[in-house]
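Convention: sequence-line order gives letters A, B, ...; per-chain numbering from 1.
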Protein chains: 2
Amino acid sequence: MSMTKKKVIQIGVVSELTGLSERQIRYYEDRKLIFPERSKGGVRKYSFEDIQTIMEIHTKLMDGFHTVELKRMLAGS
Amino acid sequence: MSMTKKKVIQIGVVSELTGLSERQIRYYEDRKLIFPERSKGGVRKYSFEDIQTIMEIHTKLMDGFHTVELKRMLAGS
DNA sequence: CGTGTAAGGAATTCTGACACG
DNA sequence: CGTGTAAGGAATTCTGACACG
């Protein structure tokens, strides 16, 4: 597996890199737009690809799309 | 900066990926062989390159080298 | 709908030290 | 020298809920 797909980054770092709040990041998961892994203790782990997706999601939301629509859009990638 | 150099991985994940103990990983830092970044709270963050280096260090140690010698060897990479 | 926040608990990490050999 | 471990504290993350609009 390429490094871009390795789920090794915790939410705090993702928040820093994307500039988004942890609340937003967790919400996108709730909406089935991203699928982080979990440590044994339940801590979320994201990949660099996830970070890319998260930023795309945010951009689309700013454009007026809803999460349900984004789910379809992301399905084709 | 390439993703391989982005310091975003915490010690627990590094431990899992390398199979080494956190104690060993912190010790290599103490010996000036690796240089993780820190979060505001003081939590260590490693890059994929750091993980590569850590595994090389461990291999060399198994070969009988000492950390002081490894410091010189790593300097030329 | 998408996001902010306060709340309490749990997982993770940190440092300095003692131990072994 | 390189690594294990127990100790206490601090940083980070988790969930479920209330709020707004």
> From D/dT15, D/dT3, C/dT13, pick the nucleotide closest to the side chain of B/I11?
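Within the option list, the nearest is C/dT13.
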> Could you tell me the separation between the CD1 atom of B/I54 and the P atom of D/dT3, rounded to a whole number of Å?
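Checked: the CD1 to P distance equals 12 Å.
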> Could you pick out which residue, B/R44 or A/S39, lies toward the 5' side of DNA chain C when each is mapped onto its nearest nucleotide?
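Between the two, 5'-proximity favours A/S39.
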> At their closest point, which heavy atom of A/V14 faces which heavy atom of A/I54, and how far apart are they?
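Taking every non-hydrogen atom into account, CG1-CD1, 3.8 Å.
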> Under 4.0 Å: is that the gap between some side-chain N or O of A/Y27 and OP1 or OP2 of C/dG2?
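The answer is yes; a side-chain N or O of A/Y27 sits under 4.0 Å from OP1 or OP2.
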> To the nearest Å, give me how far apart CE (B/M62) and C1' (D/dT3) are.
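Rounded to whole Å, this separation is 11 Å.
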> Could you check which nucleotide pairs with D/dG16 in any of the strands shown, counting Watson-Crick or G-U wobble with both distances under 3.5 Å?
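Answer to the pairing question: none, since D/dG16 forms no Watson-Crick or G-U pair.
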> Nearest whole angstrom, please: distance from the P of C/dG2 to the OH of A/Y28.
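Rounding to the nearest Å, OH of A/Y28 and P of C/dG2 are 9 Å apart.
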> Does C/dA6 pair with anything, Watson-Crick or G-U wobble, both distances under 3.5 Å, and if so, with which nucleotide?
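Result: none.
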> Could you check how far CD of B/E29 sits from C1' of D/dT3, rounded to whole Å?
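It is 16 Å, rounded to the nearest whole Å.
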> What do you reckon, is CD of A/E69 surrounded by more than 12 foreign heavy atoms closer than 6.0 Å?
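Yes - once you tally the heavy atoms of other residues, nucleotides and ligands closer than 6.0 Å, there are more than 12.
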> Counting only heavy atoms from other residues, nucleotides and ligands, does the tally under 6.0 Å from NZ of A/K6 exceed 12?
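Open.
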> Between D/dG2, D/dT13, C/dG2, which nucleotide gets closest to the side-chain atoms of B/L61?
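So the side chain of B/L61 is nearest to D/dG2.
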> Here's a test of your reading of the structure: between A/Q24 and B/R38, which maps to the more 5' nucleotide of DNA chain C?
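Going by which nucleotide is closer to the 5' end, it is A/Q24.
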> Over how many whole Å does the gap from B/H66 atom NE2 to D/dG2 atom C1' extend?
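Rounded to whole Å, this separation is 9 Å.
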> Between A/Q10 and D/dT12, does any side-chain N or O lie under 4.0 Å from OP1 or OP2?
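Looking at the OP1 and OP2 atoms of D/dT12, neither is under 4.0 Å from any side-chain N or O of A/Q10.
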> Go through A/L33 and A/L74 one step at a time and tell me if the side chain to side chain contact (heavy atoms under 4.5 Å, CB included) criterion holds.
CA-CA 7 Å; A/L33 298 176; A/L74 288 173; 3.9 Å; yes
> If you assign each of A/V13 and B/E22 to its closest nucleotide in DNA chain D, which residue comes earlier from the 5' end?
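That would be B/E22.
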> Given C/dT13, is OP1 or OP2 found less than 4.0 Å from the side-chain N or O atoms of B/R23?
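Indeed not, no polar side-chain atom of B/R23 lies that close.
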> Can you tell me how far P of C/dT13 sits from NZ of A/K45, to the nearest Å?
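Those two atoms, NZ and P, are 7 Å apart.
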> Tell me the interatomic distance from B/K32, atom NZ, to D/dG2, atom P, rounded to whole angstroms.
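About 15 Å, once rounded to whole Å.
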> Pick out which of B/I34, B/V13, B/V8, B/L17 makes a side-chain contact (heavy atoms from CB on, under 4.5 Å) with B/Y46.
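Between B/Y46 and the candidates, side-chain contact (heavy atoms from CB on, under 4.5 Å) is satisfied uniquely by B/I34.
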> Taking CG from B/L70 and C1' from D/dG2, how many angstroms apart are they, rounded to a whole number?
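Checked: the CG to C1' distance equals 12 Å.
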